[in-house]
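Notes follow the structure.
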Amino acid sequence: MNEFFLKSLIPVIHDWPKPGVQFRDITPLFRTPKAARQITDCLVQRYIDSEITHIAALEARGFLMGSNLAYALNKPLVLIRKAGKLPGAVDTIDYQCEYATGQLEVHQNSFQPGDKVLLVDDLIATGHTLLAAAQLVHQQGAEVEEIATLVDLPELGGREMLTEAGMPIFSLLMFED
């Protein structure tokens with residue numbers, strides 16, 4: 001994986017989605033086939049011999065990585081979505097991130113006791129969304145084996161909070177501003 005190449009494709013969008021937020025836009029990585037392949041290949045190599053049984057991807061950018069990884073590893077893909085997006089019976093949890101509050105949902109019975117889940121999202125900022133997703137997984141009796149993200153923004157404290165909560169983390173790229 002060429003870290004410099006990948007980082008060069010991630011622009012900072014100032015004051016989006018609200019004033020004061022410095023948003024790192026990962027979407028150009030997926031418009032660049034070479035970058036998308038490097039990301040997927042790196043994650044596949046990390047998890048190909050792991051004990052994970054499920055990939056759980058967070059809406060929306062986590063879906064990009066999660067679907068590629070689930071396909072390559074031949075694992076079930078579970079979508080963790082924002083409230084109101086899943087039909088049928090769901091488990092719900094409230095969360096708060098650096099610029100919003102909301103709810104996450106997952107279909108009931110997506111996981112069973114003994115399942116070992118890889119949580120996938122685009123980045124770690126404050127960590128609250130990933131922590132809420134992990135709590136949904138635990139509510140259904142499964143364990144989070146690891147959290148995998150493309151980007152870590154450690155100055156926002158998410159990695160530290162998740163580590164203190166006992167969550168193992170792997171991030172491909174770290175931006176320290």
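For the single chain, residues carry numbers from 1 onward in sequence order.
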Next on the checklist: Checking L69 against L118 for the side-chain contact (heavy atoms from CB on, under 4.5 Å) test, could you report, in this order, the C-alpha distance in whole Å, the side-chain angles of both residues, the deciding distance, and whether it holds?
Outcome noted: CA-CA 10 Å; L69 194 54; L118 176 65; 3.5 Å; yes
Next on the checklist: I'd like to know whether H54 forms a side-chain contact (heavy atoms from CB on, under 4.5 Å) with S110, so could you lay out the CA-CA distance, the side-chain angles of the two residues, the decisive distance to 0.1 Å, and finally the verdict.
Outcome noted: CA-CA 9 Å; H54 293 72; S110 291; over 6 Å; no
Checklist entry - Is it true that the side chains of E145 and Y47 contain a donor and an acceptor less than 3.5 Å apart? => result no
Checklist entry - Just wondering, do H138 and V144 contact through their side chains at under 4.5 Å, heavy atoms? => result yes
Item to check | Exercise: identify the closest heavy-atom pair between A57 and G62 | outcome: CB-O, 3.4 Å
Checklist entry - Any donor and acceptor pair, going by atom type alone, linking the side chain of T92 with main-chain N or O of E105 inside 3.5 Å? => result no
Checklist outcome for this item: For R159 and S171, the nearest pair of non-hydrogen atoms, with its separation, is NH2-OG, 3.3 Å
Next on the checklist: For the CD1 atom of I124 and the CD1 atom of I169, what is their distance to the nearest 0.5 Å?
Outcome noted: 4.5 Å
Item to check | Residues, nucleotides or ligands: over 12 heavy atoms within 6.0 Å of F5 CZ | outcome: yes
Checklist entry - Is V137 reachable from L130 through a run of I, L, V, M, F, W or Y residues, each pair having side-chain heavy atoms under 4.5 Å apart? => result yes
Next on the checklist: Any non-hydrogen side-chain atom of D121 less than 4.5 Å from a side-chain atom of I147?
Outcome noted: no
Item to check | Atom of L9, atom of P28 and distance for their closest heavy-atom approach | outcome: O-CB, 3.2 Å
Checklist outcome for this item: Here the salt bridge (Lys or Arg N to Asp or Glu O under 4.0 Å) pairs for residues 5-16, sequence neighbours left out, are E3-K7
Next on the checklist: Tell me the closest heavy-atom pair linking L104 and A132, and the distance in Å.
Outcome noted: CD1-CB, 4.0 Å
Item to check | Min side-chain heavy-atom separation I52-L73 under 4.5 Å | outcome: yes
Checklist entry - So, for L172 and C42, which heavy atoms are closest and what is the spacing to 0.1 Å? => result CD2-SG, 3.2 Å
Next on the checklist: Using the rule that Ile, Leu, Val, Met, Phe, Trp and Tyr join whenever any side-chain heavy atoms are under 4.5 Å apart, tell me whether L156 and F170 fall into a single cluster.
Outcome noted: yes
Item to check | Sub-4.5 Å side-chain heavy-atom contact between L64 and D122 | outcome: no
Checklist entry - At what distance, to the nearest 0.5 angstrom, does NZ of K82 lie from CD1 of I80? => result 13.0 Å
Checklist entry - How long is the span from the OH atom in Y95 to the CD atom in Q135, to the nearest 0.5 Å? => result 13.5 Å
Checklist entry - Does H128 use its side chain to pair, donor to acceptor, with the backbone of G158 at less than 3.5 Å? => result no
Checklist outcome for this item: Rounded to the nearest 0.5 Å, the CE atom of M1 sits from the CD atom of Q45 at a distance of 13.0 Å
Checklist entry - Is L119 reachable from L162 through a run of hydrophobic residues whose side-chain heavy atoms are each under 4.5 Å from the next? => result yes
Item to check | Beyond-backbone contact of L131 with M161, side-chain heavy atoms, under 4.5 angstrom | outcome: yes
Next on the checklist: Please determine whether residues I10 and L153 belong to a single hydrophobic cluster, defined as Ile, Leu, Val, Met, Phe, Trp and Tyr linked transitively by side-chain heavy-atom distances below 4.5 Å.
Outcome noted: yes
Checklist entry - So if you build clusters from Ile, Leu, Val, Met, Phe, Trp, Tyr with side-chain heavy-atom gaps below 4.5 Å, do L79 and V117 land together? => result no
Checklist entry - If we only count heavy atoms from C-beta on, is the T163 to E160 side-chain gap below 4.5 Å? => result no
Next on the checklist: Distance check, rounded to the nearest 0.5 Å: L136 atom CG versus Q103 atom CD?
Outcome noted: 10.0 Å
Checklist entry - Is the backbone N or O of H107 less than 3.5 Å from a side-chain atom of Q140, with the two atoms forming a donor-acceptor pair by type? => result yes
Checklist entry - So, do Q139 and F111 sit near enough that their side-chain heavy atoms are less than 4.5 Å apart? => result no
Checklist entry - Can you tell me how far CZ of R24 sits from CG of D152, rounded to the nearest 0.5 angstrom? => result 11.0 Å
Checklist entry - Is there a side-chain contact between D94 and T101 (heavy atoms, below 4.5 Å)? => result no
Item to check | Backbone of V90 reached by a side-chain donor or acceptor of Q108 within 3.5 Å | outcome: yes
Item to check | I39 versus F30, closest heavy-atom pair with distance | outcome: CD1-CZ, 4.4 Å
Next on the checklist: Given 3.5 Å as the limit, does a donor-acceptor pair link the side chain of D41 with the main chain of Q38, or not?
Outcome noted: no
